[in-house]
Amino acid sequence: MLGGFRLYWKIAYNILISYWYDFRYAIKYSHSLTTNEDTKLAVIMLHMHGLEKGLSFSNKKQGWGKDKSLETANLIKQYIKKNGRNEVIEVAINILAAYINDPFSSKDDQVVNSIKSLIKENIDVIKPINQVGGVKNISKPSFEFNYDQLHDFISKRSSVRNFSKKPITEEEYINAIRIAELSPSACNRQTCRVYHFHTPEMIDEILELQKGDQGWCRNCTSLFIITSKAPFFNAEYERYEPYIDGGIFSMNFVYGLHIQQIASCYKMYVRDPIVDEGIRKITNIPNNEIPIICILAGHYKDEEIKSPLSHRIDIVK
C-alpha cells in the first residue's frame, strides 16, 4: 500500500512538472502574449485568411473588411520596415490588391489610400489578379483513381522497423514535403517544418535521449522530426492546434514517402522537459517550434520482413 502511494505521488509530481514546463513555454511563445517577428507574421496570416474567405463569399455586405484590411496594410508596412519582405508578405500584398478591386470592399478613403500606397511601394510583387492571393474557381473534381484504389494505397502502408541500407535522397524527402505542405491547417497558417537527420551518429544521439528504442530504431537511414511553430497560435483556445495541424502534416508526409516506396514508422516524441531541452540542443530545432513527432524511415529491403499485424477495429459498426 505504501509503495503504491509513493508511486502515485511520484507520477503526480512528474505530471505537475511537465505541465509547469508547458505553461512557461506557452507564456513565452504564444502570439497572444508576446510580440516578435513571428507573432506579427501570425496576425498578418490570420487577417490574410479572413480577407480571402470574405472574397469568396457570394453574398457580401457593402464595405466589408474595412477594419481588417486597414490593420493588415498597417501591419505589413511595419513588418517590411523592420524585417523586409518575404513570401508571406508578398502574398498578403496581393490579397489586399484583390480586396481593393472587389466591388463590395470598403471605399473609405483611409482604407483605400493606405492599401494603394502599400501596393505602389511594392508594385514589383503584384501578380495577375488571383494568381497568388484572392480567390480561385473550383468545381467538382474528377480523379484518375477511385475509392478502392485510394483504400488500397493507404492499406498497403505498414509501420516498418527494418530497413535496407539504401539512403533516402534529398529529392525523395523533398517530394514527400511537397505532398505534406498541401495539408490543411488552422486558418491556413502552415506552421509545420521538417528536420532531416541521416548520419548514424546524429540518429544515435537523438535516440539516446528518446526512450523506447528497443534496438530497432537504429535500423533506419533517416530520422525526421516534424515541428509546428508555436508563435502562430495563442495559448488559450488554440493550445492544442499545433499538435492537430502537425499530426495531419505528418500523416501526409508519411504518404509522400509511401508513394515513393519508402518505408516508415512513427515514433512518439517524448515530452519530458529535460529530454526536450536535450533534443533541441543537439538538433538546433528553434525554441519557438514544438516538436510533434519523430518519423523513422528508410527504403524497403529486397526480401520480405515481418511487421505487427496491427488489426484495425471497425469503428463503422
Side-chain angles (χ1 to χ4, degrees), residues 141-186 190-200 202-203 206-207 210-228 240-271 290-317:
S142 60
F143 302 111
E144 295 182 1
F145 58 93
N146 56 35
Y147 173 87
D148 290 335
Q149 290 171 317
L150 177 60
H151 188 277
D152 183 60
F153 167 75
I154 295 175
S155 67
K156 283 183 176 175
R157 186 205 163 266
S158 295
S159 292
V160 173
R161 296 172 177 82
N162 204 340
F163 311 93
S164 74
K165 297 299 182 183
K166 179 182 177 182
I168 295 174
T169 67
E170 181 179 3
E171 180 182 7
E172 287 170 332
Y173 77 76
I174 287 178
N175 284 343
I177 293 174
R178 294 298 181 212
I179 296 295
E181 66 185 9
L182 297 174
S183 304
S185 59
Q190 305 176 64
T191 66
C192 292
R193 302 294 182 266
V194 181
Y195 292 86
H196 179 211
F197 308 97
H198 55 87
T199 65
M202 179 58 80
I203 292 174
I206 294 171
L207 293 175
Q210 289 288 315
K211 303 171 184 178
D213 172 21
Q214 299 172 330
W216 67 269
C217 292
R218 288 173 171 80
N219 292 324
C220 70
T221 57
S222 287
L223 188 154
F224 300 96
I225 297 180
I226 309 297
T227 70
S228 191
Y240 297 126
E241 198 60 42
Y243 302 97
I244 296 169
D245 287 3
I248 296 170
F249 182 97
S250 300
M251 190 70 261
N252 284 333
F253 179 76
V254 164
Y255 285 144
L257 295 175
H258 182 47
I259 195 66
Q260 300 176 90
Q261 298 183 319
I262 296 173
S264 63
C265 185
Y266 278 146
K267 185 179 187 313
M268 177 185 70
Y269 183 87
V270 176
R271 301 198 181 278
I290 303 170
I292 303 300
I293 199 165
C294 300
I295 297 172
L296 308 180
H299 282 273
Y300 285 91
K301 287 189 169 184
D302 292 333
E303 69 273 15
E304 287 187 342
I305 60 170
K306 293 188 181 298
S307 178
L309 186 59
S310 298
H311 173 74
R312 300 297 167 178
I313 298 171
D314 185 358
I315 64 172
V316 180
K317 291 178 181 178

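Sequence positions, counted from 1, serve as the residue numbers for this chain.
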**Side-chain H-bond candidate by donor/acceptor type, His258 with Ser264, under 3.5 Å** =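 Absent: no donor and acceptor within the cut-off.
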
**Request:** Would you please say whether a donor-acceptor pair under 3.5 Å links the side chains of Ser183 and Asn252?
**Result:**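 Side-chain D/A pair, Ser183 to Asn252: present.
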
**Request:** Go through the steps to decide whether Ile259 and Phe153 satisfy the test side chain to side chain contact (heavy atoms under 4.5 Å, CB included), and finish with yes or no.
**Result:** CA-CA 8 Å; Ile259 195 66; Phe153 167 75; 3.4 Å; yes

Would you find a donor on one side and an acceptor on the other, under 3.5 Å apart, between the side chain of [X] and the backbone of [Y]?
X      : Y      : value
Arg161 : Leu296 : no
Ser159 : Tyr266 : no
Asp245 : Ala186 : yes
Gln210 : Val270 : yes
Asn175 : Glu171 : yes

Tell me, yes or no, whether the heavy-atom count around [X] atom [atom1], taken from other residues, nucleotides or ligands under 6.0 Å, exceeds 12.
X      : atom1 : answer
Asp302 : CG    : no
Arg178 : CZ    : no
Gln261 : CD    : no

Calculate, to the nearest 0.5 Å, the distance between atoms [atom1] and [atom2] belonging to [X] and [Y] respectively.
X      : Y      : atom1 : atom2 : result
Ser155 : Leu150 : OG    : CG    : 9.5 Å
Ile226 : Arg193 : CD1   : CZ    : 11.5 Å
Phe163 : His299 : CZ    : NE2   : 11.0 Å
His196 : Leu223 : NE2   : CG    : 8.5 Å
Leu257 : Ile177 : CG    : CD1   : 9.0 Å
Ile262 : Lys166 : CD1   : NZ    : 8.0 Å

**Request:** Might you work through the side chain to side chain contact (heavy atoms under 4.5 Å, CB included) test for Val194 and Phe249, ending with a clear yes or no?
**Result:** CA-CA 10 Å; Val194 181; Phe249 182 97; 3.5 Å; yes

Of the non-hydrogen atoms in [X] and [Y], which two are nearest, and what is the gap between them?
X      : Y      : result
Ile168 : Gly298 : CD1-N, 3.8 Å
Ser307 : Ser158 : OG-CB, 4.3 Å
Cys294 : Ile225 : SG-CG1, 4.1 Å
Phe253 : Tyr173 : CE1-O, 3.9 Å
Glu181 : Gln190 : O-OE1, 4.5 Å
Cys192 : Gly246 : SG-CA, 3.5 Å

**Request:** For the pair Ile292 and Tyr269, evaluate side chain to side chain contact (heavy atoms under 4.5 Å, CB included) and give the outcome as yes or no after the intermediate values.
**Result:** CA-CA 7 Å; Ile292 303 300; Tyr269 183 87; over 6 Å; no

**Asked** Can you check whether His198 reaches Thr221 side chain to side chain, under 4.5 Å on heavy atoms?
**Response**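 No, their side chains stay 4.5 Å or more apart.
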
**Message:** With heavy-atom distances below 4.5 Å as the criterion, would you say the side chains of Thr191 and Ser185 are in contact?
**Reply:**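 No, too far: nothing below the 4.5 Å cut-off.
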
**Prompt:** Under 30°, 30 to 60°, or over 60°: which ring-plane class applies to Tyr195 and Phe197, parallel, tilted or perpendicular?
**Reply:**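 Ring orientation, 0 to 90° scale: parallel.
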
